[in-house]
Amino acid sequence: MPPRPIRVLDTAVARKIAAGEVIDRPAAVVRELLENSLDAEAGEVDVDLEGGGAELIRVVDNGHGMNRADLERCYLPHATSKIATDDDLLHVRSLGFRGEALSSIAAISRLEITSAPADGVPHQVRIEGGRVVANGPAAGPPGTRVAVADLFYNVPARRQFQKRSASEFTVCRSVFLDRALAFPRSTFRLRSGGEVKAFLPPSSLAERISSAYPSQVEPALLHELDAGGEGFRARIVAGEPGAPRKDRKALQVFVNRRRVWEYALVQAMEYAYREYLHGGLYPIAFLFLEVEPELVDFNVHPAKREVRFRNLPEIHRRIVSVLSEYLRVFDRRAATRGEALPFVSESVAETRPAFDLGRVYQPPPSVADRGASPEGTASPPLSPGNDVAQPEGAAHADSSAIADSSLPFRYLGQVMDLFLVVERAQRLYLVDQHAAHERIIYDRLRNGGSGQELLFPIHLEVERDGGDVLQEQRETLRRLGIEVEERDGTWELVTIPSSVPVEAETLASLLMDLVDRPADFERELYASLSCRSAVMDGMRLSTEDAIRIIEGVMNLENAVCPHGRPVWIEWSREQLCSLVGRT
Ligand code: ADP
Ligand code: MG
């Protein structure tokens, strides 16, 4: 095709394109309208959908409303009452602040807004494809009613890609629940095709969660915990370990009342439960974090799904310790008693360190909080090169002291169900069994591997974006022996890697989870798979398994696990002698 001259798009076309970035499907309208109602301090919000939201989305609230002058401005690009200067961006407490939602919706639908302040006269504007078609007095109670009809009617490219109304409704409902959870004092109602799909009266946080997920979360098994520190406060609604789930859907994080996909915090909660739930089981834990607006940045993701914190490591530590404290009353082994030990397959001695793990994978310090302290209290982040708390005189695993692989070692046994004790050439080693096995599996994954076909493929519940991510990552997955396939618009897990002991169900839930974080997909996949498949702390190992693990890590030059923690620590004879005062 011959090059065409550059032209500047006319405003209406440019507007439609920009609008499509903010509003990509009906659920985005539901999200934005709900946020506006909540910013207007509504005590009651009703959402009505027709055709999964594509035909009609109506949101009615009893919030503080708008007067006529504001109503005539609210749908203009960059019109907002929530900030005035860029400095205000640092202190935002409202859910919205960009002034883009209503103007975007106005550009690509037929929009009708009726509003009245508590002591004012109701007024109404109607806008079609960005043009005002009606403006005048109206009738109605105080508050605001927004109706969005025929979304994308003038954006043919977008219309073509809309999914079935049933699946759009599902996404709208989860957006609705995400908002409703963080505002338990307000009443929410969701209707679709005139039928009530959810009714959430004012309640406590725990009650709100169980009425939002009625068939899944037993209210009696939820407990509210409080945590706090400098610049933040948190309330955690924590499930009992005896009521676990098979996926991470009930592990949710809200920051300043916005649902966010902050993996480090999800991991903090999972970590606290690690001794209670093994093998593909996940806790119910909802974190509601309030952070000083100055310490957090929501401006990272267009839908504010991602967030950056200044004090993440401290928050992480507090959450782990509050949850661990709460969990102490439960029987640690209850959920895992009788579970078979995942075997250590293949000769791990063949594994070669492919690269410098410490350099390639550096999680935020908080993630490295997988401290070895048996009581589950948070310990300081460990990673080579950091100032880490270590037993006095113990050397660090990344020293090159035991590079000579020809020396035989003597395995002396397992202590504390966690450390493997080894003697070699006048040195004593304590090998962290979980970290060591994790590293072995990680290396094995890096070397690729074949797959093992599943007799019954597992359905992967992913949305459209998730499907795109799976499609993009197919090669990465295939290298590990993982095959996913799309059939009639749904995705299935078809083969699992034969080189690592991971359950198909566990892998499936891991994949569903990872598609939400496409940027880190590969790294997270490797790290989580190795963590998930490795023997846990607290597991008794057979001598054979222990020896295989030791063989696999003793000769590594930089023996750290995928989280950056040392795999073993060591003392020389001289160091031990000096500890007992023998010089
Ligand atoms: P933002 O929420 O980022 O300010 P919007 O385009 O969503 O931008 O809304 C523009 C403005 O319209 C808001 O700042 C607010 O003043 C007003 N507004 C929108 N919805 C409502 C509502 N339900 N109740 C009261 N005011 C509203
Ligand atoms: Mg808004």
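When a ligand or atom number is given, it counts from 1 through the structure's own listing order. Only this structure's heavy atoms are used, side chains among them; waters, hydrogens and symmetry mates stay out. Residue indices begin at 1 and follow the sequence shown.
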Do any N/O atoms on [X] end up under 3.5 angstrom from N/O atoms on ligand 1?
X    : value
H64  : no
S103 : no
K82  : yes
F97  : yes

Closest protein heavy atom (residue, atom, distance) for [atom]:
atom                    : answer
atom 22 (C) of ligand 1 : T144 OG1, 3.7 Å
atom 25 (C) of ligand 1 : A40 CB, 3.7 Å
atom 20 (N) of ligand 1 : N36 CB, 3.3 Å
atom 23 (N) of ligand 1 : D61 OD2, 2.9 Å
atom 4 (O) of ligand 1  : T80 OG1, 2.6 Å
atom 12 (O) of ligand 1 : C74 CB, 3.3 Å
atom 16 (O) of ligand 1 : S81 OG, 2.5 Å
atom 26 (N) of ligand 1 : M66 CG, 3.5 Å

For ligand 1, which atoms, with element, lie under 4.0 Å from some heavy atom of R98?
->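 Answer for ligand 1: 3 (O).
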Within a distance under 2.8 Å of the Mg ion (ligand 2), the protein atoms of type N, O or S are N36 OD1
How about S103 and R15: does a side-chain donor come under 3.5 Å of a side-chain acceptor?
-> yes
Under 3.5 Å side-chain donor-acceptor pair for Q473 and E522 =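 No, E522 and Q473 have no side-chain donor paired with an acceptor closer than 3.5 Å.
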Nearest heavy atom to atom 6 (O) of ligand 1 wins, so pick from I113, L33, L102.
-> L102
Can you tell which of G99, A79, S104 gets a heavy atom nearest to atom 1 (P) of ligand 1?
->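 Closest candidate by heavy-atom distance is G99.
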Kindly compute the distance separating CD1 (I23) from CZ (R25), expressed to the nearest 0.5 Å.
->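 Answer rounded to 0.5 Å: 12.0 Å.
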Kindly compute the distance separating CZ (R31) from CZ (R179), expressed to the nearest 0.5 Å.
->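 Separation between the atoms: 7.0 Å.
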Using residues 126-149 as the side-chain source, report each donor-acceptor pair under 3.5 Å to any protein atom, sequence neighbours left out, with the distance given to one decimal.
from: N135; atom 1: OD1; to: H123; atom 2: NE2; distance (Å): 2.7
from: N135; atom 1: ND2; to: E72; atom 2: OE2; distance (Å): 2.9
from: T144; atom 1: OG1; to: S115; atom 2: OG; distance (Å): 2.8

Closest heavy-atom contact between V196 and R191?
->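 Closest pair (atom of V196, atom of R191, distance): CA-CG, 3.6 Å.
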Before giving the answer on side-chain contact (heavy atoms from CB on, under 4.5 Å), spell out for Q252 and D178 the whole-Å C-alpha distance, their side-chain angles and the decisive distance to 0.1 Å.
-> CA-CA 9 Å; Q252 301 191 5; D178 286 348; 4.2 Å; yes
Can [X] be said to sit on top of [Y]'s aromatic six-ring, NZ or CZ under 6.0 Å from centre and within 45° of the ring axis?
X    : Y    : value
R257 : F254 : no
K197 : F169 : yes
R487 : W491 : no

Between the side chains of [Y] and [X], is the shortest nitrogen-to-carboxylate-oxygen separation below 4.0 Å, so that they form an ion pair?
X    : Y    : answer
K82  : E35  : no
D226 : R233 : no
E292 : R93  : yes

Which of these, L34, L95, V45, sits in a side-chain contact (heavy atoms from CB on, under 4.5 Å) with F183?
->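 Only one option passes, and that is L95.
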Which is it for A101 and ligand 1 at heavy atoms under 4.0 Å: side chain, backbone, both or neither?
->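 A101 to ligand 1: contacts from backbone and side chain alike.
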